[in-house]
Amino acid sequence: MTDTLPPRTADLPAQWNPGEVEAGMYERWVDAGYFTADAQSEKPPFCIVIPPPNVTGSLHIGHAFEHTLIDIMCRRKRMAGYETLWLPGMDHASIAVHALVERALAAEGTSRRELGREAFIERTWQWKEEHGGKILAQMRRLGDSVDWTRERFTMDERSNRAVLTIFKRLFDDGLIYRAERMVNWSPEMRSVLSDVEVEHKEVEGELVSMRYGSLDDAEPHIVVATTRVETMLGDTAIAVHPDDERYTHLVGTEIELPLVGRMIRIVADEHVDPSFGTGAVKVTPAHDPNDFEVGRRHDLPMPTIMDETGKIADTGTEFDGMDRFEARVKVREALAAQGRIVAEKRPYVHSVGHASRGKFEPIEPRLSLQWFVKVAPLAEAAGDAVRSGDVIVHPKELEPRWFGWVDNMHDWCISRQLWWGHRIPVWYGPNGEVVCPGPDEQPPAGYTQDEDVLDTWFSSGLWPFSTLGWPEKTPDLAKFYPTSVLHTGYDILFFWVARMMMFGLYAMDEKPFDTISLHGMVRDQHGKKMSKTVGNTVDPNVWMDEFGTDAVRFALARVANPGTDAPIGDDNVLAARNFGTKLWNVTRFAMSSGASPALPLPSAPTDADAWILGRLREVRDQVDALLEDFQFAKATEALYHFTWDEFCAWYVELAKPQLADEATEDGTRAVLGHVLDALLRLLHPISPFITEALWQALTDGESIVVAEWPVAPGAPVDPAAARRVTDAQKLITEIRRFRTEQRVPDSRRVPARLVGLDAAGLGAHRASVVALNRLEATAPDFAPTATLEVALATGTIQVELDTSDAIDVPAERARLGRDLAAAQKELDQADKKLGNPKFVDKAPADIVDGIRARRAAAEADIERINARLAALPRS
RNA sequence: GGGCGCGUAGCUCAGCGGAAGAGCACUCGGCUUACACCCGAGCGGUCGCAGGUUCGAACCCUGCCGCGCCCA
């Protein structure tokens with residue numbers, strides 16, 4: 001900091017060139033340590049842990065959106081005096097990386113099994129070092145104010161220890177168990193998936209009705225319908241409703257399963273819907289979740305008829321070895337050949353679960369031995385934390401979604417038949433012993449470790465505290481846990497947020513974050529979901545190249561309404577870029593006019609000064625409250641309008657005549673400098689780079705990153721001054737409108753006399769009205785060709801103009817006609833209300849008075865306009 | 001099938017009980033020494049439909065129609 005006035009426009013190039021400046025600026029911020037948090041600080045903490053992007057990922061528009069919003073929060077809090085930690089890191093993305101490396105191996109003509117576990121994992125780490133983490137550089141580009149000294153990875157040493165520690169605790173508490181259950185199997189990955197990794201989608205399939213038992217109508221037979229013909233090879237029963245009289249005589253008997261020849265039972269079960277199809281359903285306990293339950297209730301055999309790749313196996317039929325989809329056709333054909341196909345409905349639309357990762361293949365329900373987390377007690381705590389208000393879900397509309405999930409959560413299948421990830425820390429002894437050693441313990445000699453790894457979300461569920469050092473009692477943990485805000489998309493509320501909440505409450509005995517703030521999905525400019533197949537995706541990196549980072553951030557912030565999807569397209573970014581240019585140019589103008597925040601604010605401000613200073617105070621309060629409430633779009637919009645429509649469009653224009661007047665020029669420079677200084681600081685969290693460049697030039701300060709967040713900039717609102725400015729604006733606008741409609745060229749100076757200005761208290765505004773309307777003083781022989789009346793709050797102004805030609809009477813008549821119609825409509829509406837005795841009687845007095853005042857104003861307007869119309873020459 | 005939400009200007013959305021708003025698009029006029037990435041003026045809506053509550057409804061309630069999303 002210097003105590004001399006900083007150099008002026010010399011510092012500011014005529015144009016902002018983001019590409020040339022941003023990277024260097026960012027590295028200076030990092031080097032200066034602005035983003036490095038101090039756990040020993042006395043300042044109040046503000047902490048956000050990054051939703052860890054996949055190590056495979058590169059920055060897409062969803063990241064850009066999420067990071068922009070988080071960065072806005074962090075930068076604001078940092079400026080506002082909080083010890084701010086935004087902790088970066090990445091997720092090891094078990095399935096995604098595993099699949100990626102497997103594909104690479106396949107391309108080389110080998111496989112992970114050929115390579116062996118150890119070599120595979122080594123190879124995967126190597127991939128990570130060489131190709132992973134592309135997103136980190138892109139985060140720098142985006143300006144993320146993360147603390148790089150604390151960067152973490154969900155498979156680093158400390159995360160590993162956290163996983164082992166909590167697994168052991170859950171295991172010892174009986175909250176982790178191993179069981180044979182119906183699971184979601186991915187034949188592609190040859191692994192189980194958790195429920196949340198399955199997406200249900202309507203598909204056009206077939207509904208085939210087929211006849212079991214005898215082909216002789218006199219003998220016992222039964223017709224069942226299915227969308228999955230091939231699973232009949234694993235049927236072990238037919239179920240009917242107990243009250244269904246059509247089948248009462250068959251219940252308890254056996255019938256022959258076609259193609260296989262096995263005898264299967266006919267059982268009565270409450271869960272059968274007698275109105276669906278024939279009212280009889282086939283039961284395949286090992287390959288359908290509902291059938292599994294039926295099988296359990298009736299103690300049915302549960303043969304598995306498919307291997308882990310989705311091929312038919314162990315049925316002893318010709319179909320063994322066929323893929324499930326091929327078998328579906330062949331089995332149907334075989335049944336048809338026997339005359340057992342009674343009906344076929346095709347297409348038959350029904351819902352099928354698909355793997356949300358990988359190739360989006362249909363998942364296969366399969367009976368399998370897996371590890372599970374018993375979620376009931378954990379989920380209850382997660383629900384209670386929100387119910388009690390300890391943790392806030394924002395926006396509140398998404399609370400039901402939270403409860404709907406945590407209150408109905410199924411046990412979480414955590415084992416995956418993959419190699420890349422945290423290996424399950426359970427060891428088996430030679431005689432079936434099962435042990436779970438703690439992080440510092442060794443398994444007994446001769447024991448072998450479980451082959452599977454943990455679901456990726458297991459380690460990311462520990463993220464808010466594993467990143468702060470848990471299970472060690474670190475200063476970071478003491479300072480920053482619980483974290484302040486968890487900000488992420490509503491789409492991973494269940495995948496991730498629910499898990500963090502459960503683990504946080506369990507491991508730390510305290511919530512992992514105070515507030516869950518949810519944003520929506522970025523959509524295209526028409527509000528359509530972005531998808532690669534549709535081709536409507538956008539690339540934030542391309543936008544940053546074209547428009548600069550600040551424009552991308554500003555555009556994203558401007559559409560970020562809490563919890564709702566955000567449509568965005570080129571136009572939005574273009575508009576944001578233009579806004580940056582506007583800000584750049586107005587700062588250049590102010591500085592070239594000698595503006596500086598170091599100058600003392602005028603003791604006798606003009607109306608315009610008082611007005612803009614009051615507005616600044618109001619806007620800062622509004623923006624501050626909106627940002628505190630995660631209303632990024634509204635805060636950004638408020639700043640956009642203040643900057644452009646109030647500061648640039650009005651104050652700066654009003655300031656020009658003030659700068660030409662000795663009495664007001666110094667004060668005007670001070671006000672310009674003061675407002676810009678505060679405005680740049682308010683905008684900095686949204687658009688960090690351009691505001692830094694402008695602010696440093698304007699103030700000669702060290703960095704806007706560590707500048708103070710404005711607390712009470714400007715001045716308290718001066719209502720009288722504000723009203724006079726509003727009046728002056730209305731007067732100026734009305735004259736402009738008249739000029740436009742009378743087609744007076746913009747460049748022509750029009751001699752004019754403003755009658756009644758002093759009486760209306762607007763005497764001091766004469767110079768601005770003249771300047772902004774390109775008027776000029778009247779000569780002694782002034783002869784007005786037109787008179788315009790403008791009704792203001794404090795009086796009516798007559799504007800007498802010499803437009804040098806006869807005025808366009810039809811145009812003027814049309815203009816006045818529109819005004820008259822508007823006033824008449826206003827009068828009618830007011831009369832209607834006031835004519836209703838109930839309104840006058842029951843509505844609050846201030847509302848009634850307001851209507852009366854409007855009525856009076858409308859009446860006066862009508863009288864005035866009619867007089868003017870009458871005075872117009874006939875045409 | 002269950003739940004949540006949405007239908008407001010050509011498009012995308014804000015407003016959620018007391019005078020219909022914004023951005024973009026569109027029309028007209030302007031290179032007015034910060035800015036044509038700009039300036040000025042303007043056009044544009046029985047707030048999905050039908051009932052109800054209220055002095056008063058885009059806003060609250062009910063039903064219907066049409067769209068999303070989540071979960072089965």
Side-chain angles (χ1 to χ4, degrees), chain A residues 9 12 14-16 195-196 198-200 273 289-290 351 353 397-405 408 410 490-491 493-494 520-521 523-529 547 551 555 558-559 561 563-572 574-593 595 631 633-634 637-638 640-641 644-645 648-649 652-653 655-656 732-749 771-774 815 818 825-826 829-830 832-834 836-844 846-848 850-851 853-854 857-858:
Chain A
T9 41
L12 276 188
Q15 273 194 325
W16 167 238
D195 289 345
V196 288
V198 175
E199 262 177 58
H200 288 264
D273 175 7
N290 293 322
S351 182
E397 298 94 270
L398 290 171
E399 255 188 17
R401 208 153 150 156
W402 174 260
F403 293 128
W405 177 255
N408 301 294
H410 301 301
Y490 60 67
D491 59 327
L493 195 58
F494 314 139
M521 303 296 112
R523 292 170 168 264
D524 76 5
Q525 62 269 47
H526 299 295
K528 296 277 177 284
K529 206 174 193 167
F547 302 108
R558 202 174 172 200
V559 293
N561 287 113
T564 56
D565 291 346
I568 196 164
D570 288 334
D571 284 351
N572 299 259
L574 192 73
R577 191 275 313 264
N578 293 352
F579 176 76
T581 307
K582 189 76 181 172
L583 194 63
W584 186 265
N585 284 324
V586 78
T587 308
R588 276 177 61 222
F589 166 77
M591 287 177 62
S592 70
S593 306
Q631 305 275 358
K634 292 191 179 71
E637 193 69 9
Y640 178 92
H641 282 295
W644 203 309
D645 300 335
C648 292
V652 169
E653 293 308 319
K656 285 174 184 173
I732 290 164
T733 302
E734 283 300 312
I735 298 172
R736 282 173 176 167
R737 187 173 159 225
F738 176 83
R739 286 184 62 132
T740 296
E741 307 214 348
Q742 284 300 315
R743 301 191 174 274
V744 178
D746 291 5
S747 52
R748 185 190 301 165
R749 298 231 167 238
L772 269 62
N773 286 114
R774 301 188 70 72
R815 186 179 75 87
R818 276 195 300 274
K825 188 179 170 191
E826 178 80 4
Q829 280 179 348
K832 195 177 160 195
K833 286 201 171 189
L834 293 168
N836 181 351
K838 285 180 180 168
F839 170 74
V840 182
D841 195 36
K842 293 198 174 182
D846 57 324
I847 298 292
V848 179
I851 298 287
R854 284 171 51 198

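Each chain gets a letter, A, B and so on, in the order the sequences are listed, and its residues count up from 1.
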Problem set entry | Partner of Phe738(A) by side chain to side chain contact (heavy atoms under 4.5 Å, CB included), out of Arg736(A), Glu734(A), Glu741(A), Gln742(A) | Gln742(A)
Exercise. Side-chain contact, heavy-atom cut-off 4.5 Å: Met591(A) with Leu12(A)?
Worked result: yes
Problem set entry | Glu734(A) CD to rG42(B) P, straight-line distance once rounded to whole Å | 8 Å
Exercise. Roughly how far apart are Asp841(A) CG and Asn836(A) CG, rounded to 0.5 Å?
Worked result: 9.5 Å
Exercise. Hey, does Lys528(A) reach any base, or is it just sugar-phosphate, or nothing, if we go heavy atoms under 4.0 Å?
Worked result: nothing
Problem set entry | Out of rA34(B), rG15(B), rC38(B), whichever nucleotide has its closest atom nearest the side chain of Trp644(A) | rC38(B)
Exercise. Which one, rA34(B), rC70(B), rA41(B), comes nearest to the side chain of Cys648(A)?
Worked result: rA34(B)
Exercise. How would you label the contact of Val652(A) with the nucleic acid (heavy atoms, under 4.0 Å): base, sugar-phosphate, or nothing?
Worked result: base
Exercise. If you draw the axis of the six-membered ring of Phe589(A), does the NZ or CZ of Lys656(A) fall within 45° of it and under 6.0 Å from the ring centre?
Worked result: yes
Problem set entry | Atom CZ of Arg748(A): over 12 foreign heavy atoms under 6.0 Å | yes
Problem set entry | For atom CD of Glu741(A) and atom P of rA41(B), their distance in whole Å | 11 Å
Seminar exercise, completed: Testing rC13(B), rA34(B), rA41(B) for proximity to the side chain of Arg737(A), the answer is rA41(B)
Exercise. Expressed in angstrom and rounded to an integer, what is the separation of Phe403(A) atom CZ from rC70(B) atom P?
Worked result: 21 Å
Exercise. Nucleotide by nucleotide, 5' to 3', does protein get under 4.0 Å of the base (B), only the sugar-phosphate (S), or neither (-) in nucleotides 1-10 of chain B, counting heavy atoms?
Worked result: ----------
Exercise. Rounded to whole angstroms, how far apart are CZ on Arg739(A) and P on rG42(B)?
Worked result: 15 Å
For this session: Between protein and nucleotides 16-24 of chain B, map the contacts as a letter string: B base, S sugar-phosphate only, - none, heavy atoms under 4.0 Å, written 5' to 3'.
Result: --BB--SSS
For this session: Would you indicate what Gln15(A) reaches in the nucleic acid, counting non-hydrogen atoms under 4.0 angstrom: base, sugar-phosphate, or nothing?
Result: base
Under-3.5 Å N/O pairs linking protein and nucleotides 27-29 of chain B:
from    : atom 1 : to        : atom 2 : distance (Å)
rG29(B) : N2     : Asp746(A) : OD2    : 3.3

Exercise. Looking at CZ of Arg523(A) and CD1 of Ile568(A), how far apart are the two atoms once the value is rounded to the nearest 0.5 Å?
Worked result: 14.0 Å
Exercise. Starting at NZ of Lys529(A) and ending at P of rC67(B), how long is that distance when rounded to a whole Å?
Worked result: 17 Å
Seminar exercise, completed: Heavy-atom nearest nucleotide on RNA chain B taken for Asn836(A) and for Gln525(A); more 5' hit belongs to Gln525(A)
Exercise. Below 4.5 Å, heavy atoms only, C-beta onward: do Val848(A) and Leu834(A) meet side chain to side chain?
Worked result: yes
Problem set entry | Spacing of Lys825(A) atom NZ relative to rG45(B) atom C1', expressed in whole Å | 10 Å
Exercise. Any idea which of rG15(B), rG40(B), rC35(B) is nearest the Ala649(A) side chain?
Worked result: rG40(B)
Exercise. Considering only rC13(B), rA34(B), rC37(B), which nucleotide approaches the side chain of Lys582(A) most closely?
Worked result: rA34(B)
Exercise. How would RNA chain B look in dot-bracket form, 5' to 3', counting Watson-Crick and G-U wobble pairs with both distances under 3.5 Å and writing | for bases paired to another strand?
Worked result: ((((((((.[[[[.)..(..]]]].(((((.......))))).....[[[[[..)....]]]]]))))))).
Exercise. Is any side-chain heavy atom of Tyr490(A) closer than 4.5 Å to a side-chain heavy atom of Asp565(A)?
Worked result: yes
Problem set entry | From CZ (Arg749(A)) to CZ (Arg774(A)), nearest 0.5 Å | 4.0 Å
Exercise. Listed by chain and number, what are the side-chain contact (heavy atoms from CB on, under 4.5 Å) partners of His410(A), not counting sequence neighbours?
Worked result: Asp195(A)
For this session: Could you tell me the separation between the NE2 atom of His200(A) and the P atom of rC70(B), rounded to a whole number of Å?
Result: 11 Å
Seminar exercise, completed: Distance col, row Phe547(A):CZ vs Leu574(A):CG, nearest 0.5 angstrom, shows 5.0 Å
Problem set entry | Atom pair CD1/CG of Ile851(A) and Asp846(A) - distance to nearest 0.5 Å | 10.5 Å
Problem set entry | Sequence-distant partners of Glu397(A), side-chain contact (heavy atoms from CB on, under 4.5 Å), two or more places apart | Pro395(A)
For this session: Using a heavy-atom cut-off of under 4.0 Å over every strand shown, decide if Ser593(A) touches base, sugar-phosphate, or nothing.
Result: nothing
Exercise. Touch check for Gln631(A), heavy atoms < 4.0 angstrom, all strands: base, sugar-phosphate only, or nothing?
Worked result: nothing
